[in-house]
Amino acid sequence: TKKDTVKPTVYRTQDRTRKSEPVTELNIFRNEPDTDLDLKQNRKWALKALDKWEKEIRDTNYVIPVQIGDKEVITEKKKKYYDRSRNDEVSFCEVNMSTQEQIEQILKVAEDDVSGWRKTSLDSRNKILHKTADIISERRGDLIACMSAITGKTFMEGDVEVSEGTDFCRFYPISMKAFEDLDSVSYSPKGIILVIPPWNFPFAIPVGGVVAGLAGGNTVILKPATVAFPIAWQFAQCFWDAGVPKDALQVICPAERNSLNWLSTHPGIKHIILTGGTDTAFKLLKNSPKTPLSAETGGKNAIIVTASADQDHAILNIVSSAFSNAGQKCSACSLLLLDKKTYNDPVFQSKLKDAVTSMHTGSVWDTENIIGPMITNDNDKLLHAIDHLEEGESWLVPPVFLDEKKYILKPCVKWGVKPGNYTFRTELFAPLLSVVCIDNLEQGLEYANSTEYGLTSGLQSLDEREIALWKNKIEAGNLYINRGITGAIVRRQPFGGMKRSAFGAGIKAGGPNYVSCFVKFKENKLPEMSEKALYPFKEELKKILTVEEVNRLKFAYSSYEKAWKQEFSLERDVSNIIGELNTFRYLPLKLVAFYVKDTDPLVDIILSLYAAGKTKTKVLLAVSPTNPHIDIFRTIANKVHDFELEIYNDEDFLEDMGKFDRIRACSEDLPDSL
């Protein structure tokens, strides 16, 4: 008989009470682990951090100054921050707010870049941002407890945010290595990036925006959500202590709303990163149409449960997705679409009700609670949804506020909601779930796709045919099958949506291409291509293009072929986590308009048409009647199935813009109306 070689070993050795070990391999990315709170030493560490902020920090009422580069200033206008978990009026801290004059000084500091951050090498930025991640790891407990104090985050919800922010610090500079290694192009920073994050993820999202800007060599101005400002001040110290110059990262809290409007429209701002409301995105675009905007906005996200689902597993994922962080995640499940068999099943109703009512809700200082207070009690949309039941609606779990100020709402479930009803179409940042009956999966897809958003979506089904249908028909950026629909992880599940959930480039935060949106690329001298190198429309083009232009076409065609085969045509899982599949894929758009100016070089237009041809995307080439290249465009259009030529003047093109999925152009110098 063989000797038993199995040895009893403890594998769960994480100990947050010990000093964290710095990461030494700076070019290989691994996700930061969350805290294992099953371990006694970690619970001890967590309770100590919470106790410090609940009592010691709370008693100090510390003061946060205005930052102007490396100067700190006290001003007249201040904002106090109170504990939402209590009914008293004792403040944690007060923030000095920036005047218009100070905002102008802050912009000047960012423009001057005295420290020379824009001239640093990628290797240097990578080291500093990795060191930032190490400092964040050391201060993890304080950062989480600060979120609990300022925004009412429960400890576990704050913990995963710190992991995500740490991942951003390591992944984004590493992701730029692929672009640094390209011979045919080189990149340089754009200048100043303005980051405008939300309150519902007060750590991870602003850290991600800041790192995206810094990793590309830009200077960054961070305007956090005012209600979450002290959290940004805490993590900014981590960047500065790691070696990011204070003129490269400035954090602002404007005293006047007009100051942010002034800043966002200033020509010195070269790109805006927004995570927030759709209305805010439209306002930014209207006020400054030529400033590039990368915005992740709202979501009205649905989980569809079919008769083929594992009910118990589905309920676990539903309640987690709907009610974590008090239902305030932009990715939260706010619509539950139930197959009519499941909808009418009293056992399912009983199980769902039991799961919802068993979720402990209350103060973040009581660690038995998994649902904490909401960020605001000034919420007319939520109160309307609570006070008004439309025809056929009822409460499976009625809404109950636990405090006089109405910050703490127990999870509630509205039953019998129909498409078009108020809670079906309105984004509510609260622990309220709307349940809808569907006849079948096809109707569920129709309902889910009927909202103007397309952020996250989920399916609970064990039927492979249903999974395939849903995967190919649902309109959302992040798709989750038989799992929760919140908590995207850097690199593993890059996050960002479609339709009114996303504006501009860079819609996949935490993905391989995100940082490249915030730098400028310049084409380098290209190698001489062989006479035999392929390129489409050879006979038509070689008569009217120079030798150098033909060489560009050959190089580009070869480059696109490689990019298509190695990247854009693939569906792959880069993390390979045992027990789950996280696939990343690119989908061709249905209809792209290519807006061509009369002065655009012919070779640049052809290059873009080559790229579109690789993706099999249908392209409409919009040209003016006076364009000098109309004949060659007609010739190409007759030979290519997915390419149409349309003669437009600007007024007519403006009328038709709404029917395109995306509009491309060769030039930044476009009419303001466009």
Side-chain angles (χ1 to χ4, degrees), residues 64 66-67 77-84 91-98 103 106 143-144 146-153 157-158 161-162 164-165 168 193-213 220-237 239 249-261 263-264 272-284 293-299 325-332 364 372-379 381-382 407 427-430 495 503 509:
I64 297 175
V66 169
Q67 178 218 354
K77 189 161 185 181
K78 306 177 193 303
K79 177 175 173 57
K80 290 182 178 290
Y81 290 80
Y82 299 96
D83 188 349
R84 290 172 180 78
S91 63
F92 276 97
C93 65
E94 62 179 38
V95 171
N96 286 269
M97 305 180 80
S98 307
I103 296 289
I106 288 165
L143 293 166
I144 297 169
C146 180
M147 282 187 266
S148 297
I150 302 300
T151 58
K153 282 255 179 182
E157 287 290 339
E161 273 210 61
V162 175
E164 185 177 3
F168 281 132
I193 308 294
L194 175 61
V195 180
I196 310 175
W199 47 260
N200 56 350
F201 286 90
F203 183 89
I205 290 178
V207 167
V210 167
V211 178
V220 174
I221 297 176
L222 170 64
K223 191 280 168 194
T226 302
V227 292
F229 187 88
I231 299 162
W233 186 254
Q234 290 292 321
F235 72 66
Q237 314 287 330
F239 283 92
L249 171 60
Q250 296 177 95
V251 189
I252 62 168
C253 186
E256 303 169 22
R257 183 178 293 272
N258 287 339
S259 292
L260 182 58
N261 291 338
L263 184 62
S264 64
I272 299 174
I273 301 174
L274 168 74
T275 306
T278 305
D279 291 344
T280 306
F282 278 126
K283 185 176 180 181
L284 289 168
L293 173 68
S294 296
E296 184 266 288
T297 49
N325 194 27
Q328 297 174 114
K329 296 181 178 181
C330 51
S331 56
V364 292
M374 296 180 292
I375 195 74
T376 182
N377 59 358
D378 182 17
N379 196 331
K381 291 180 180 179
L382 171 62
Y407 280 111
E427 189 179 19
L428 302 170
F429 286 98
F495 187 74
F503 291 78

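Values below: every heavy atom of this structure, side chains too, minus hydrogens, waters and symmetry copies.
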Say whether, by atom type as modelled, one donor and one acceptor occur between the side chain of Asn96 and the main chain of Lys78 under 3.5 angstrom. no
Quick check: does any side chain N or O of Gln67 sit under 3.5 Å from a backbone N or O of Val251, one acting as donor and the other as acceptor? yes
With sequence neighbours excluded, tell me which residues meet ring-ring contact (aromatic ring centres under 6.0 Å, His included) with [X].
{"X": "Phe503", "result": "Phe282"}
{"X": "Phe235", "result": "Phe203"}
{"X": "Phe229", "result": "none"}

To the nearest 0.5 angstrom, please state how far the [atom1] atom of [X] sits from the [atom2] atom of [Y].
{"X": "Cys330", "Y": "Glu296", "atom1": "SG", "atom2": "CD", "value": "4.0 Å"}
{"X": "Thr280", "Y": "Ile196", "atom1": "OG1", "atom2": "CD1", "value": "8.0 Å"}
{"X": "Lys283", "Y": "Leu260", "atom1": "NZ", "atom2": "CG", "value": "8.0 Å"}
{"X": "Trp233", "Y": "Cys93", "atom1": "CH2", "atom2": "SG", "value": "11.5 Å"}

Residues in side chain to side chain donor-acceptor pair (under 3.5 Å) contact with [X], at least two apart in sequence or another chain:
{"X": "Glu157", "answer": "Lys329"}
{"X": "Ser259", "answer": "Gln100"}
{"X": "Asn325", "answer": "none"}
{"X": "Asn379", "answer": "none"}

Any side-chain heavy-atom pair from [X] and [Y] closer than 4.5 angstrom?
{"X": "Ile103", "Y": "Glu256", "result": "no"}
{"X": "Lys153", "Y": "Pro202", "result": "yes"}
{"X": "Phe429", "Y": "Ile375", "result": "no"}
{"X": "Ile272", "Y": "Ser264", "result": "yes"}

Which residues share a salt bridge (Lys or Arg N to Asp or Glu O under 4.0 Å) with Glu94, sequence neighbours left out: Lys80
With sequence neighbours left out, write down each residue that passes salt bridge (Lys or Arg N to Asp or Glu O under 4.0 Å) with Glu427, or none if nothing qualifies. none
Return the set of residues passing side-chain contact (heavy atoms from CB on, under 4.5 Å) with [X] (not counting sequence neighbours), or none when no residue passes.
{"X": "Pro197", "answer": "Val195, Ile205, Pro206, Leu222"}
{"X": "Glu164", "answer": "Phe168, Ala204, Val490"}
{"X": "Asp378", "answer": "Thr376, Asp380"}

